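In what follows, a single structure is set out as structure tokens and then discussed.
It should be emphasised that the depicted structure is a prediction, and the values quoted were computed from it without experimental measurement. Residue numbers start from 1 in every chain, and the chains themselves are labelled A, B, ... in the order their sequence lines are given, proteins ahead of strands.
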Amino acid sequence: MLFTPEHEALRQTVRTLVEREINPYVDDWEAAELFPAHEVFKKLGQAGLLGVHKPVEHGGMGLDYSYATAMTEELGLIRCGAVPMAIGVQTDMATPALARYGSQELKREFLAPAIAGDAVACIGVSEPGAGSDVASIKTTARKNGGDYVIDGGKLWTTNGVQADWMCLLANTGEGPVHRNKTLICLPLKTKGVSVARKLKKIGMFASDTAQIHFDGVRVPQRYRVGEEGQGFVYQMQQFQEERLWGATSGLKAMEAVIEETIEYTRERKAFGQSILDNQVVHFRMAELQTEVEALRSLIYRAVEDYVGGADVTRLASMAKLKGGRLMREVADACLQYWGGMGYVWENRVSRFYRDGRLMSIGGGADEVMLQIICKLMGTLPSRRNR
Amino acid sequence: MKIMVPIKRVVDYNVKIRVKADGTGVDLNNVKMSMNPFDEIAVEEAIRLKEAGSATEIVAVSIGPQQAQETIRTALAMGADRGILIKTDTDAEPLTVAKLLKALCAEEKPGLVILGKQAIDNDCNQTGQMLAALLQWPQGTFASKLALSSGKLAVTREVDGGLQTVELNLPAIVTTDLRLNEPRYASLPNIMKAKKKPIDEKTPEALGIDTAPRLKTLKVVEPPKRQSGVKVKTVGELVDKLRNEVGII
């Protein structure tokens, strides 16, 4: 993939913004278990960073996805996982389908403010009984007059406490599970929506992860994204960006941890030499850096195909799988060489160890990625044969 | 009024530099380069003057290799209007730079030249002063505040012992100190717009300036590694050490 001087300038802007507007506050936000999403998103929006590859007529930059990738990579420099994840939800998880299939009116009402940073978005797919198995969701949206009436609930909703609207996946019909679902833009201030609780997690502290209930929530049918019954298909397409985003956001975070581990072990002495001078340590760091570069190449290849208009489900799933696994490997290997300091709470490596663990779970678990890859390799046994 | 802002492409301030093994200089292979931070402050100040209606055009000038064009693009993305690259592969010394800028001032006739007080690569802190002398223009160096009113420029300078304010007639030379402003980051729309802004290319020969170095670098070495200190328990012990071990009192 060829990056232009404009890609580099974009990276520089993201780096400066992260350094100035985000990193100095990350420790406070982690302690408070919440970050001011509206305030941070407004700054990103003003810099034109929330609509990098979104349509120009709604405030986006209309650039190809390689620019979005350049930005996502730099978000890895944020010194926690929660804030980049929240930004990724806004740009690559809750809005791609709306940008692609939403009516002009719907985009004006929901997409434009998300790009400007005036509205915070979240994505409502996972439920108490269905996460990675998207087809099994139970939330329903029944037609009533000109409205949909929504009942059910969502779980693990990132940005859920602060969000202004949700890109909701709900069952709108009885038919086959892959053709009965619809994506709907749901303003969360609507009557009948209740945020049940903010979940307490092992990491991603600054992120507000919510459980949300819907009790007879009424929204006009014009809030539907694209066609009725196409929700599952749209969501699967939308997952390509979500998964590419996930893998990409981990690259620089992993490199930062490797780099800081090298620094720390270079200074720290044991048995008469620096920890780093032990071959097992510097070889391991070289090994991990090699893996990160290999993952980066896989991602760039997937992005290049995606920019060219191809369906990249296969490569995006592989990148997500490898990204999740590698983050765990890097976190565990690096934490080990920090010794006792690695086990301390206020340490970047231990935070990364906690935050990075999510990558193998959120956005489709590793096992779901493997299923998809197997399906595309023709090795997944059909249900009848199992 | 036109403002000229000279900018230099230097090793990024985040990079941990290494001295070349043969001691002839700093290793620049595969090293990230950026705009000199003091120059970013100069660009920002020019943009603020333009936004306040005191300036009509900002010209960013860089002297260096072809890649210095990227540094000019950064200034254009921040808000400068056009760029001039004086292309040279020799590492121009401050006096050469000042002569080149003087030649350019004769062509461009700026009302104000804002420079960084120094570049973070060689820390010379000479170009602005030399340019003022060559042009015989007034200078306000190490500026921490600028105020323009009725054709006069008040420059608050950071000097030893406090702040000094001087009033300059225009055209004038200003060099920036760290506290003058906090430079903006370029928004993505402005980065894309900067692609279309013009950059002129010139050569030192065309401006009639000889860039041959007048100084010779004998050797470049890394600063000696700082030894760890000792903690003393009492003032008496400190005085004793200073007197008997260090021998400075």
What part of A:Gln46 lies closer than 4.5 angstrom to a heavy atom of chain B: side chain, backbone, both or neither?
-> backbone
Does CZ in A:Arg268 sit with more than 12 non-hydrogen atoms of other residues, nucleotides or ligands closer than 6.0 Å?
-> no
Per-residue contact mode, B:Ala77 against chain A (heavy atom under 4.5 angstrom) = neither
Interatomic distance, A:Glu263 atom CD to B:Lys16 atom NZ [nearest 0.5 angstrom] | 4.0 Å
More than 12 heavy atoms of other residues, nucleotides or ligands under 6.0 Å from CG of B:Leu28: is that the case?
-> yes
Are more than 12 heavy atoms from other residues, nucleotides or ligands located less than 6.0 Å from atom NZ of B:Lys145?
-> no
So, for A:Met61 and B:Leu188, which heavy atoms are closest and what is the spacing to 0.1 Å?
-> CG-CD2, 3.6 Å
Considering all heavy atoms of both residues, which atom of B:Pro189 and which atom of A:Ala47 are nearest to each other, and what is their separation?
-> CD-O, 3.8 Å
Heavy-atom neighbours of A:Arg20 CZ exceed 12 at 6.0 Å | yes
Given side chains that start at C-beta, do those of A:Thr4 and B:Lys195 come closer than 4.5 Å, heavy atoms only?
-> no
Evaluate the criterion salt bridge (charged side-chain N to carboxylate O under 4.0 Å, His left out) for residue pair A:Glu8 and B:Arg73; output intermediate values, then yes/no.
-> CA-CA 11 Å; A:Glu8 184 44 47; B:Arg73 288 271 173 231; over 6 Å; no
Counting only heavy atoms not in B:Arg157, do more than 12 sit closer than 6.0 Å to its CZ atom?
-> yes
Does A:Thr13 use its side chain to pair, donor to acceptor, with the backbone of B:Tyr185 at less than 3.5 Å?
-> no
Quick one: pull up OG in B:Ser187 and CG in A:Leu44 and give me the separation to the nearest 0.5 Å.
-> 12.5 Å
Heavy-atom check, side chain of A:Glu19 versus side chain of B:Asn14, under 4.5 Å | yes
